[in-house]
Amino acid sequence: MSTTGKVIKCKAAVAWAPNKPFSIEEVEVAPPKAHEVRIKILATGICRSDEHVVSGALAAPFPIILGHEAAGVVESVGEGVTCVKPGDKVIPLFAPQCGVCDACVNPRGNLCVKTDLNKIHGLMEDGTTRFTCKGKQAYQFINTSTFTEYTVVHESSVVKIDAVAPPEKVCLIGCGFSTGYGAAVNTAKVERGSTCAVFGLGGVGLSVVMGCKAAGASRIIAVDVNKDKFAKAKEVGATECVNPQDFTKPIEDVLKEMTGGIGVDYSFEVIGRPETMKAALASCHINYGVSVIVGVPPSASQISFSPMLLFTGCTWKGCVFGGWKSKDSVPKLVAEYLEKKFSLDPLITHTLPFDKINEGFELLRTGKSIRTVLLF
Ligand code: PAD
Ligand code: ZN
Ligand code: ZN
């Protein structure tokens, strides 16, 4: 029996309030309106950005259906949608690509105006959402919402991928892998023979390490307070691992010493803390160092730092989704994965049924997982 045009009742993990476990609830998912697409989610990863909303670090409205790193199949499309059709295998795009705004037409840009990342409002373009739970509207999350059996996204936030791609792996191309890898190859433009430092060795940080390695960096110094992350970091390309807690002096001084007093060519903050953002900047070569903020800053945070660091020539920048134009790049990254140009296996430490989502978040909070993939 076709579900096209009808409300679908299905299971979703609803976050009712900050710092509370997810509740698996029956939700009603409305049919897609014009230029929208309803997707059956097949697999979704758990990313620290979801946890930032649960912990309250990243401000968002509640109740909300989180999740943004997924792969699925198109169930139905609204009027006017031509980019995908029912049955297509797809990846939802938390960084949309409308194709016509300033950032989309500029080759240097990728932060489309349709993004919901600046100040998360959790609504579709008409000011409503497609989710109802217990008679209440549940908010959507950064143009995606994937902790649900079905979701609805705008057509600028979905792209078709190769039908043979395994959803339980390529879901990571929807966020963690692409974000980290792209931060190295697109945003920093790491050069062959260079020295890099990567702060934070979660799924995103390890993907930065992979990007630095692919770009030909000769030294990749991996920094984390959890030494259990070091073996995996070395497996994917780190040449040295450092735990800041093993030193009394600041980590930037440790990194300067390790590089003969000059600092690294490229540094990446992949944690989401103002203090480590400053330390990553201060670890760079004072003249031509480039430091990239990848970790999501807490909504209320501010940074004070010596402008001398920028005056002497350092570059401090950030990137969303690794600087990739999402619609153009995600199908290509999936194709490269299928051609075995990179592996996602080292990033996936746990696979759980969707119902065990709270267990998956606990693995992230306790530092035991890199990526947990939830299967429906
Ligand atoms: P994760 O929690 O799996 O990894 C973070 C790592 O940082 C862990 O291994 C921690 O042990 C380590 N860490 C924590 N505190 C420190 C410290 N003081 N010094 C050194 N290491 C420390 O997260 P993730 O890999 O899923 O995400 C990393 C960040 O990237 C997070 O802030 C997330 O929100 C952000 C992100 N940004 C984008 C984007 O588009 N910019 C996309 C996806 C994720
Ligand atoms: Zn993410
Ligand atoms: Zn755009």
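Here the structure is a predicted model, which is why all the values come from computation and not from measurement. Numbering of ligands and ligand atoms starts at 1, following listing order.
Computed with the Zn ion (ligand 3) at the centre, the Cys112 SG to Cys104 SG angle is 110°, stated to 10 degrees.
Looking at ligand 1, you'll find an N or O of Val204 within less than 3.5 Å of one of its N or O atoms. In terms of N/O distances under 3.5 Å, ligand 1 is approached by Arg48. For ligand 1, one of its N or O atoms has an N or O atom of Cys319 under 3.5 Å away. Taking any N or O of Gly203, backbone or side chain, at least one lies under 3.5 Å from an N or O belonging to ligand 1.
When the options Ile46, Ile271, Val225, Asn243 are ranked by their closest heavy atom to atom 32 (O) of ligand 1, first place goes to Ile271. Residue nearest to atom 10 (C) of ligand 1, selected from Asp224, Leu201, Thr187, Val53: Asp224 (by heavy-atom distance). Compare Asn110, Thr179, Ile293, Val198 by their heavy atoms: the one nearest to atom 38 (C) of ligand 1 is in Thr179.
Interface atoms of ligand 1 facing Asn226, defined by a heavy-atom separation under 4.0 Å, are 11 (O). Short contacts between ligand 1 and Val296, defined as distances under 4.0 Å to a heavy atom of the residue, involve ligand atoms 32 (O), 34 (O), 35 (C), 36 (C), 37 (N). Atom numbering of ligand 1 starts at 1 in the shown order; those under 4.0 Å from a heavy atom of Gly200 are 6 (C), 7 (O). Set against the non-hydrogen atoms of Phe321, the atoms of ligand 1 under 4.0 Å away are 39 (C), 40 (O). Contact atoms of ligand 1 toward Lys229: 8 (C), 9 (O) (distance under 4.0 Å to a heavy atom of the residue). Ligand 1 places these atoms under 4.0 Å from at least one heavy atom of Cys175: 42 (C), 43 (C). Within ligand 1, the atoms closer than 4.0 Å to a non-hydrogen atom of His52 are 31 (C), 32 (O), 33 (C), 34 (O), numbered from 1 in the order shown. Those atoms of ligand 1 with a heavy atom of Gly202 less than 4.0 angstrom away are 1 (P), 3 (O), 4 (O), 6 (C), 9 (O), 25 (O).
Ser178 contributes no side-chain N or O that, together with a main-chain N or O of Gly174, makes up a donor-acceptor pair within less than 3.5 Å. The closest donor-acceptor contact from the side chain of Ser299 to the backbone of Ala59 lies under 3.5 Å. Remark: the backbone N or O of Met308 is paired with a side-chain donor or acceptor of Ser306 at under 3.5 angstrom. Remark: side-chain polar atoms of Glu69 are not paired, donor with acceptor, to backbone N or O of Ile173 under 3.5 angstrom. Here the side chain of Lys232 pairs a donor or acceptor atom with the backbone of Pro346 at under 3.5 angstrom.
Heavy atoms of Arg371 come nearer than 4.0 angstrom to ligand 1 in at least one pair. Using a 4.0 angstrom heavy-atom cutoff, Gly176 does not count as in contact with ligand 1. Using a non-hydrogen distance threshold of 4.0 Å, Gly367 does not register as a contact of ligand 1. Not a single heavy atom of Gly322 lies less than 4.0 angstrom from ligand 1.
Between Trp316 and Val290, the closest side-chain pair of non-hydrogen atoms is not below 4.5 Å.
Salt bridge annotation for Lys33-Glu36: absent, with no cationic side-chain nitrogen under 4.0 angstrom from a carboxylate oxygen. Taking the charged nitrogens against the carboxylate oxygens, Lys11 and Glu26 have no contact shorter than 4.0 Å, which rules out a salt bridge. The pair Lys368-Asp228 does not count as a salt bridge, with every side-chain nitrogen at least 4.0 angstrom from each carboxylate oxygen. Remark: Glu339 engages Lys341 in a salt bridge, criterion side-chain N to carboxylate O under 4.0 Å. Between Glu75 and Arg38 there is a salt bridge, with a side-chain nitrogen of the basic residue lying less than 4.0 Å from a carboxylate oxygen of the acidic one.
In this structure, CD1 in Ile64 is found 6.5 Å from CD1 in Ile120, a value given to the nearest 0.5 Å. With rounding to the nearest 0.5 angstrom, the CD1 atom of Ile142 is 6.5 Å from the OG atom of Ser49. Atoms NZ and NZ, on Lys160 and Lys85 in that order, are 4.0 Å from each other to the nearest 0.5 Å.
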inquiry  = side chain to side chain contact (heavy atoms under 4.5 Å, CB included) for Lys356 and Leu374? Distances and angles first, verdict last.
reply    = CA-CA 8 Å; Lys356 300 223 161 125; Leu374 303 172; 5.6 Å; no

Query - CA sep, side-chain torsions, deciding dist, call: His154, Asn143, side chain to side chain donor-acceptor pair (under 3.5 Å) - result: CA-CA 7 Å; His154 190 266; Asn143 308 72; over 6 Å; no

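Atom 37 (N) of ligand 1 has its closest protein heavy atom at Val294 O, 3.0 Å. Annotation: atom 36 (C) of ligand 1 to nearest protein heavy atom, Ser49 OG, 3.6 Å. If you check which protein heavy atom lies closest to atom 30 (O) of ligand 1, you get Gly295 CA, 3.5 Å. At the top of the distance list for atom 5 (C) of ligand 1, counting protein heavy atoms only, stands Val270 O, 4.0 Å. Among protein heavy atoms, the minimum distance from atom 18 (N) of ligand 1 is reached at Arg273 NH1, 3.2 Å.
Heavy atoms of Thr276 found under 4.0 angstrom from ligand 1 belong exclusively to the side chain. Of the heavy atoms in Ile251, none comes closer than 4.0 Å to ligand 1. With a 4.0 Å cut-off on non-hydrogen atoms, Glu51 does not touch ligand 1 at all.
If you look at His68 and ask which of its N, O or S atoms sits nearest the Zn ion (ligand 2), the answer is NE2.
In the hydrophobic clustering of this structure, Leu206 does not group with Val223; members are Ile, Leu, Val, Met, Phe, Trp, Tyr whose side-chain heavy atoms approach within less than 4.5 Å, directly or through other members.
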